[in-house]
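Computed over heavy atoms, backbone and side chain alike; hydrogens, waters and symmetry mates excluded.
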Amino acid sequence: MWEQLDQQIFLFINRTTANPLFDVFFPWWTDFQKSPWFLFMVLPTILLWLFTKTRLKGVLVLVSAVVVASFADFLSGDLVKPLFERARPFRSDIADLVILRGPEQGGFSFPSSHAVDAFALVVIAKQIPMKWQRGPS
């Protein structure tokens, strides 16, 4: 029952929420972040800008975010995913119904590493006092 509900929800999202712009942009963005141009030009530019605006504090925040996201990614990818062994939709019994918008990648699909990384980054961001934040209410 749960598996059928899960598949129906996935197929609804996969077939009805498609966006031609995002179908092109997000696969490109994923590949771009892994490119030498991003690693040796964009990332150092961001680090330099952060350093000039916030000195060491901004760089430490960024480094902390990278470390926390990397650790969260390790936990979800290497420890939790093997426990659940949930197949990606293109490798499941609904594979012939899936609209694939990029190359087949990755191992198991649960939990989502993107979601785990985003949650870890939000936890880090919440620890950073911002000028516009009010005190505890």
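- Remark: F71 engages no residue in a ring-ring contact (aromatic ring centres under 6.0 Å, His included) (not counting sequence neighbours).
- In this structure, the side-chain contact (heavy atoms from CB on, under 4.5 Å) partners of V67, at least two apart in sequence or on a different chain, are V63.
- Applying the side-chain contact (heavy atoms from CB on, under 4.5 Å) criterion to V24, with sequence neighbours excluded, gives no partner residue.
- When each of D73, V66, V68 is checked for a side chain to side chain contact (heavy atoms under 4.5 Å, CB included) with S70, only V66 meets the rule.
- Annotation: ring-ring contact (aromatic ring centres under 6.0 Å, His included) contacts of F119 (sequence neighbours excluded): none.
- Grouping the Ile, Leu, Val, Met, Phe, Trp and Tyr side chains by contacts below 4.5 angstrom, directly or via other members, places L21 with W28.
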In residues 35-42, what donor-acceptor pairs under 3.5 Å come from side-chain atoms, sequence neighbours left out?
from: S35; atom 1: OG; to: F32; atom 2: O; distance (Å): 2.7
from: S35; atom 1: OG; to: F38; atom 2: N; distance (Å): 3.2

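- Listed by chain and residue number, nothing satisfies the ring-ring contact (aromatic ring centres under 6.0 Å, His included) test with W49 (two or more places apart in sequence, or in another chain).
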